[in-house]
There are 2 protein chains.
Amino acid sequence: MPSSDIAARTLDQVVQLAASITGVMRDGLEELDLTEPLANLLWILDPEAPPLPLRKLALRLHCDPSNVSQLSVQLEDKGLGQRRPHPEDGRVRTLVLTERGIEVRTQLLDLVAARSPLAVLGDAEQERLQAMLTKALAAPRRLPRLPSAD
Amino acid sequence: MPSSDIAARTLDQVVQLAASITGVMRDGLEELDLTEPLANLLWILDPEAPPLPLRKLALRLHCDPSNVSQLSVQLEDKGLGQRRPHPEDGRVRTLVLTERGIEVRTQLLDLVAARSPLAVLGDAEQERLQAMLTKALAAPRRLPRLPSAD
DNA sequence: ACTTTTACTTGAGAAACTCATGTAATGTCT
DNA sequence: AGACATTACATGAGTTTCTCAAGTAAAAGT
């Protein structure tokens, strides 16, 4: 049982899990009055972290910056977010959640957490899982044959 | 440290990992001459498993069956797949990979496996990871407040 | 000061997806 | 067996989402 088979199987399971999670999210979008791209944006907008420039958000979402611009407008139109000028750099805008935005984001996260397959794992298991994921995510991302994007 | 925080953090890490994996995949699409939706379809087309009806593929991809129809046409145009009538049910069509399709799929999987963050985990760790993921994915999916779709 | 670079916005266009409709095969009911 | 309903897929139109190109404004480099 070669090592690459193990890797392939692990990868496949993670992808399956991810698909399941996005499925759960999609099923909850209507009751939150969100679209999928808006929900994805909301997801990475941690109210407790320092606000991020739109450019950083684009990197995180693996999409074009212009796309984030358009999504930001939608978030503002819904009263969930607000673009703020960066205090030090006049070119930069950061995206901040409004009170209502924080509320909806919490609902979104709670909903997905409650219905995701991960919910069946106990606290101890989740912590072991976290340990492994942390290790993987912290890795210095050495991409073979590619300039370091991301 | 309430249990829901642990769950939220685990979930966030899985989502981050998934984003990273799709990012890796996207970066490799050009060199494989694939689009993202085609790659996703290719991914779930295991040549060793019995061929699946288009409808099942749509369920797996969380999308409309008509979408799978269109993607199947693209796969055929590229010479990577072929739709076959179901031997017993005249309405059903299954999608099978061609020789070249299997080849490209292998390249895709290998590429993602090599560059994914999971690559930094050792075999033993991956097996422990698999154990947990298997448990989660096998769970009978009790969706709160929703008829059992999926 | 002048040029280059960076961050965002805007608008046009392409890609991907959904929905409605149509067709054919299967299942069901009497 | 015949009539009706259901299921699986195909097709075309329309919507949504995304990318790309061009433009503006601020900052950095020379």
Side-chain angles (χ1 to χ4, degrees), chain A residues 19 22-23 25-27 29-30 32-45 50-78 81-96 147 149-150, chain B residues 19 22-23 25-27 29-30 32-45 50-78 80-96 149-150:
Chain A
T22 67
M25 194 181 75
R26 288 180 65 155
D27 290 340
L29 290 181
E30 198 174 4
L32 293 177
D33 189 32
L34 290 173
T35 64
E36 194 172 356
L38 275 185
N40 285 328
L41 177 55
L42 215 51
W43 190 282
I44 66 171
L45 249 40
L52 294 175
L54 301 195
R55 193 186 140 276
K56 299 277 186 189
L57 297 174
L59 286 175
R60 277 256 210 142
L61 293 172
H62 294 278
C63 73
D64 196 88
S66 68
N67 195 20
V68 178
S69 271
Q70 292 162 331
L71 292 175
S72 299
V73 172
Q74 293 181 34
L75 256 199
E76 287 188 333
D77 288 350
K78 281 183 164 301
Q82 192 179 0
R83 276 174 297 185
R84 297 251 179 85
H86 192 284
E88 292 157 22
D89 191 333
R91 297 166 293 183
V92 176
R93 297 210 181 194
T94 61
L95 184 56
V96 204
D150 201 6
Chain B
T22 66
M25 193 180 75
R26 289 180 65 157
D27 289 341
L29 290 181
E30 197 174 5
L32 292 176
D33 189 32
L34 290 173
T35 64
E36 193 171 356
L38 275 185
N40 285 328
L41 177 55
L42 214 52
W43 190 282
I44 65 171
L45 249 42
L52 295 175
L54 300 197
R55 193 186 140 278
K56 299 276 186 190
L57 297 175
L59 286 176
R60 278 258 210 139
L61 293 172
H62 294 279
C63 73
D64 196 89
S66 67
N67 195 22
V68 178
S69 273
Q70 292 162 331
L71 292 175
S72 299
V73 172
Q74 292 181 34
L75 255 199
E76 287 188 332
D77 288 349
K78 281 183 164 300
L80 304 179
Q82 192 179 2
R83 276 174 297 184
R84 296 251 181 85
H86 192 285
E88 293 157 20
D89 190 334
R91 298 167 294 182
V92 176
R93 298 210 179 195
T94 61
L95 185 55
V96 203
D150 198 11

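Numbers restart at 1 for each chain; the letters A, B, ... are given by sequence-line order, proteins then strands.
- Here A/R91 pairs with A/D89 under the salt bridge (charged side-chain N to carboxylate O under 4.0 Å, His left out) rule; sequence neighbours left out.
- With hydrogens and angles disregarded, a donor-acceptor distance shorter than 3.5 Å links the side chain of B/R26 to the backbone of A/H62.
- Listed by chain and residue number, nothing satisfies the side chain to side chain donor-acceptor pair (under 3.5 Å) test with A/R84 (two or more places apart in sequence, or in another chain).
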Donor-acceptor contacts, no H, no angles, side chain residues 35-43 of chain A, under 3.5 Å, sequence neighbours left out:
from  : atom 1 : to    : atom 2 : distance (Å)
A/T35 : OG1    : A/L38 : N      : 3.4
A/N40 : ND2    : A/E36 : O      : 3.4
A/W43 : NE1    : B/D12 : OD1    : 3.0

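- Note that the CG atom of A/N67 and the CG atom of A/L54 stand 11.5 Å from one another [nearest 0.5 Å].
- Separating the CD atom of B/E88 from the P atom of D/dT7 is a distance of 19 Å, rounded to the nearest angstrom.
- With a cutoff of under 4.0 Å to any heavy atom of chain A, the contacted region of DNA chain C is bounded 5' to 3' by C/dT6 to C/dT18.
- Terminal axes of the helix from C/dA1-D/dT30 to C/dT30-D/dA1 (five pairs each, C1' rotation axis) are separated by 30°, to the nearest 10°.
- With rounding to the nearest 0.5 Å, the separation of CG in B/L80 from OG in B/S72 is 11.5 Å.
- The side chain to side chain donor-acceptor pair (under 3.5 Å) search around A/E76 returns A/R83, not counting sequence neighbours.
- Under the side chain to side chain contact (heavy atoms under 4.5 Å, CB included) criterion, A/P65 pairs with A/A58, sequence neighbours left out.
- Checked against side chain to side chain donor-acceptor pair (under 3.5 Å), B/D77 has no partners two or more places apart in sequence or in another chain.
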>> Please encode protein proximity along nucleotides 8-18 of chain D as a string of B, S and -, counting only heavy-atom distances under 4.0 Å.
In response: SSBBB----SB

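- Residues satisfying the side chain to side chain donor-acceptor pair (under 3.5 Å) criterion with B/K78, sequence neighbours excluded, are B/D33.
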